[in-house]
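Lettering of chains follows the sequences in order, A, B, ..., and the numbering in each one begins at 1.
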Amino acid sequence: MGRPRATRLRRALLDWYAENKRDLPWRRTHDPYAVWLSEVMLQQTRVDTVVPYYARFLRAFPTVHALAEATEGDVLALWSGLGYYRRARLLHEGARHVARVCGGAFPADAAGLRTIPGIGPYTAGAVASIAFGKPAPLVDGNVARVLARLFAIEDDVRGAAGLARVWALAGELVDEGAPGEWNQALMELGAMVCTPRAPRCSACPAHTSCDARAKGLQGSLPILRAKARPKAEARVAVVATRGDLVLLARRKSSLRFGGMWEPPGAEGTDPGVLGDLAGVSLARLREIGSVVHVLSHRRLEVMVYAAHLARAPRPAIDAAEYDLRALVRPSELGAHGLSTLARKILARANVA
DNA sequence: AACACGGGGTA
DNA sequence: TACCCAGTGTT
């Protein structure tokens, strides 16, 4: 890339960003902990979704030390509904890593940050540049798309070769004087102007130096490979009640929804397994109806049953998917980490 | 390199 | 419906 072009691009985009950036909560701080939290929450998640979670989480755990001393259950409860729950467990683990291994202070460069659990190449670049002002590049979905267009990259920018090109370009382009602003400007452009479909080139501060636009390719770049469709998975689950209490089980941490609580269930269509999961024989299992829940790679169809528990089951449980059980008052569900699927199942049975 | 991992907004 | 979002870790 020519130096004049890079200089022109930096100035155009930084000026545009200064004028047009959204006022987002995490743009009001340089606290590495707060920046880190925002970056983790924003992984594969939209800004509008994150805003309320970010505020609640920071209020509950204002410092990395507060987070390090929290229980995993409390962390997951605050993450409930946000998805990709492993992020929350890694964040918690990362906080303990900073407190223990790093002596309570965040490493101030990308290489050091990269050693923290849950911090990959993107987040390391983000925290290094935004919180510490280091000239570290970053590539997220926005940056990959923007650079693929600006430089007419026809490789699949999610494949190894295309990603390598994009990272190399991002590295050449980082503004040494304002790396955090530059990285955010690139992402903001991708979010607001250089959008996946129907990019608003007439509003783009860089449209005069966009190779894709010059070639008429702005609508067909970046080139993407199709994603696999979610595979269907049948499940059964039981909403077992005892008085006004409802039975929840905690999922093993290595599984999807790891560490989260839900009405116990199992893969398959046989409700016969539900008695063991509930801890007592379930004489009268009522079929309530099904709930469909789509993840990025799975389409879960859960047949929901209801039952009354004759007695309280033991908390210990030896099952494929669960390691703990508890009877919970519906008004106290908020203290547990429930996935959105778990909430749908409870709602289907008119609990909560 | 491919896959697992949530949930929701947009066209 | 299809796409994809301020990605990371595992296989």
Side-chain angles (χ1 to χ4, degrees), chain A residues 21-22 24-27 35-54 76 79-91 93-94 113-131 137-146 156-164 166-167 170 180 182-192 194-199 219 222-231 233 251 253-260 262 292-300 337-344:
Chain A
K21 66 179 177 186
R22 289 169 288 177
L24 302 174
W26 44 89
R27 288 183 175 160
V35 172
W36 173 45
L37 174 64
S38 74
E39 295 301 341
V40 172
M41 285 189 164
L42 286 161
Q43 287 168 12
Q44 298 292 288
T45 308
R46 291 163 191 284
V47 164
D48 291 344
T49 304
V50 167
V51 169
Y53 281 90
Y54 175 80
L76 288 174
W79 211 270
S80 173
L82 195 53
Y84 282 145
Y85 299 99
R86 190 177 51 174
R87 286 184 296 178
R89 291 189 286 113
L90 286 170
L91 183 78
E93 190 183 336
L113 290 161
R114 193 71 182 71
T115 66
I116 297 172
I119 296 191
Y122 164 79
T123 305
V127 176
S129 62
I130 297 169
L138 60 75
V139 173
D140 73 333
N142 289 307
V143 174
R145 181 175 60 256
V146 168
D156 172 5
V157 291
R158 290 175 191 168
L163 264 182
V166 171
W167 271 98
W182 166 256
N183 283 332
Q184 292 184 83
L186 221 36
M187 293 191 283
E188 188 81 347
L189 186 73
M192 306 304 290
C194 196
T195 48
R197 279 172 294 190
I223 294 172
L224 303 169
R225 66 186 195 295
K227 283 186 180 171
R229 279 185 41 199
K231 282 180 268 195
E233 178 177 326
R251 295 184 60 81
S253 59
S254 60
L255 305 178
R256 77 170 163 236
F257 304 124
M260 305 295 283
E262 66 184 16
V292 172
H293 191 67
V294 182
L295 312 179
S296 49
H297 61 296
R298 280 283 192 282
R299 181 182 184 279
L300 305 176
L338 296 193
S339 67
T340 299
L341 171 58
R343 293 186 190 282
K344 280 190 195 176

Chemist: Touch check for Ser38(A), heavy atoms < 4.0 angstrom, all strands: base, sugar-phosphate only, or nothing?
Modeler: nothing
Chemist: Please determine if a side-chain N or O atom of Arg145(A) lies less than 4.0 Å away from the OP1 or OP2 oxygen of dC5(C).
Modeler: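 For dC5(C), OP1/OP2 do have a side-chain N/O of Arg145(A) under 4.0 Å.
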Chemist: Would you kindly give the CD-to-P distance between Gln43(A) and dG8(B), to the nearest whole Å?
Modeler: 18 Å
Chemist: For Arg256(A), which contact category applies under a 4.0 Å heavy-atom criterion: base, sugar-phosphate, or nothing?
Modeler: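 Sugar-phosphate, backbone atoms only, no base.
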Chemist: Would you indicate, yes or no, if dC4(C) has its OP1 or OP2 atom less than 4.0 angstrom from a side-chain nitrogen or oxygen of Arg158(A)?
Modeler: yes
Chemist: For Arg229(A) and dC3(C), what is the distance between atoms CZ and P respectively, to the nearest whole Å?
Modeler: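 Result: 11 Å.
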Chemist: Any side-chain heavy-atom pair from Leu295(A) and His293(A) closer than 4.5 angstrom?
Modeler: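 Side chain of Leu295(A) against side chain of His293(A), heavy atoms only: contact under 4.5 Å found.
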Chemist: What is the separation between atom CG on Leu42(A) and atom C1' on dC5(C), rounded to the nearest whole Å?
Modeler: 10 Å
Chemist: Atom OH of Tyr53(A) to atom P of dA6(C): distance rounded to whole Å?
Modeler: 17 Å
Chemist: Heavy atoms, side chains only, cut-off 4.5 Å: are Thr49(A) and Leu82(A) in contact?
Modeler: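 Yes, close enough: below the 4.5 Å cut-off.
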Chemist: Between Arg299(A) (side chain only) and Glu233(A) (backbone N and O only), is there a donor and an acceptor less than 3.5 Å apart?
Modeler: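 Flag not set: sc Arg299(A) to bb Glu233(A) has no pair under 3.5 Å.
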Chemist: Only counting residues at least two apart or in another chain, list the ones meeting ring-ring contact (aromatic ring centres under 6.0 Å, His included) with Trp26(A).
Modeler: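 Per chain and number, Trp26(A) pairs via ring-ring contact (aromatic ring centres under 6.0 Å, His included) with Tyr54(A).
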Chemist: Can you find a side chain N or O atom of Tyr84(A) that sits less than 4.0 Å from OP1 or OP2 on dC5(C)?
Modeler: no
Chemist: Is any side-chain nitrogen or oxygen of His297(A) closer than 4.0 Å to OP1 or OP2 of dC5(B)?
Modeler: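 Result: yes.
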Chemist: If only side-chain N and O atoms count, and only distance matters, is there a donor-acceptor pair under 3.5 Å linking Arg87(A) with Gln43(A)?
Modeler: no
Chemist: If you look at every strand shown and take non-hydrogen atoms under 4.0 Å, does Leu163(A) touch a base, only sugar-phosphate, or nothing?
Modeler: nothing
Chemist: Under 3.5 Å, is there an N or O donor on one side and an acceptor on the other linking the side chain of Tyr122(A) and the base of dG7(C)?
Modeler: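 Looking at the base of dG7(C), it does not pair with any donor or acceptor on the side chain of Tyr122(A) (distance under 3.5 Å).
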Chemist: Under 4.0 Å, counting only non-hydrogen atoms across every strand here, what does Ser296(A) touch: a base, just sugar-phosphate, or nothing?
Modeler: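 Touches a base.
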Chemist: List the residues meeting salt bridge (charged side-chain N to carboxylate O under 4.0 Å, His left out) with Lys21(A), not counting sequence neighbours, and say none if there are none.
Modeler: Glu181(A)
Chemist: Using a 4.5 Å cut-off on heavy atoms from C-beta on, say whether the side chain of Leu24(A) contacts that of Gln184(A).
Modeler: no
Chemist: Closer than 4.0 Å, any side-chain N/O of Thr123(A) to the OP1 or OP2 of dT8(C)?
Modeler: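 For dT8(C), OP1 or OP2 has a side-chain N or O of Thr123(A) closer than 4.0 Å.
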Chemist: Could I get a table of every N or O pair under 3.5 Å where one atom is in the protein and the other is in nucleotides 9-11 of chain C?
Modeler:
{"unit_1": "dG9(C)", "atom_1": "OP1", "unit_2": "Gly118(A)", "atom_2": "N", "d": "2.6"}

Chemist: Would you mind classifying the nucleic acid contact of Trp26(A) as base, sugar-phosphate or nothing, using non-hydrogen atoms under 4.0 angstrom?
Modeler: base
Chemist: Would you mind classifying the nucleic acid contact of Ala160(A) as base, sugar-phosphate or nothing, using non-hydrogen atoms under 4.0 angstrom?
Modeler: sugar-phosphate
Chemist: Distance check: side-chain N/O of His293(A) vs OP1/OP2 of dG7(B), anything under 4.0 Å?
Modeler: yes
Chemist: To the nearest Å, how far apart are Arg251(A) CZ and dA4(B) P?
Modeler: 15 Å
Chemist: Between atom CD in Gln44(A) and atom P in dC5(C), what is the gap in whole Å?
Modeler: 7 Å
Chemist: Would you indicate what Leu82(A) reaches in the nucleic acid, counting non-hydrogen atoms under 4.0 angstrom: base, sugar-phosphate, or nothing?
Modeler: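 Touches a base.
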Chemist: Do Arg343(A) and Ser80(A) pair up side chain to side chain, a donor and an acceptor below 3.5 Å, judged on atom types alone?
Modeler: yes
Chemist: So for Thr45(A) and dG6(B), does any side-chain atom that can act as donor or acceptor lie under 3.5 Å from a complementary atom in the base?
Modeler: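 Flag set: donor-acceptor pair detected.
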Chemist: Report yes or no: is there a donor-acceptor pair, N or O only, under 3.5 Å between the side chain of Arg46(A) and the base of dC4(C)?
Modeler: yes
Chemist: Just verifying a value: how many Å separate Ile130(A) CD1 and Glu39(A) CD, rounded to the nearest 0.5 Å?
Modeler: 4.5 Å
Chemist: Across the strands shown, which category fits Gly159(A) at heavy-atom distances under 4.0 angstrom: base, sugar-phosphate, nothing?
Modeler: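 Gly159(A): no heavy atom of the nucleic acid under 4.0 Å.
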Chemist: Starting from P on dA4(B), measure out to CG on Leu300(A) and report it in whole angstrom.
Modeler: 12 Å
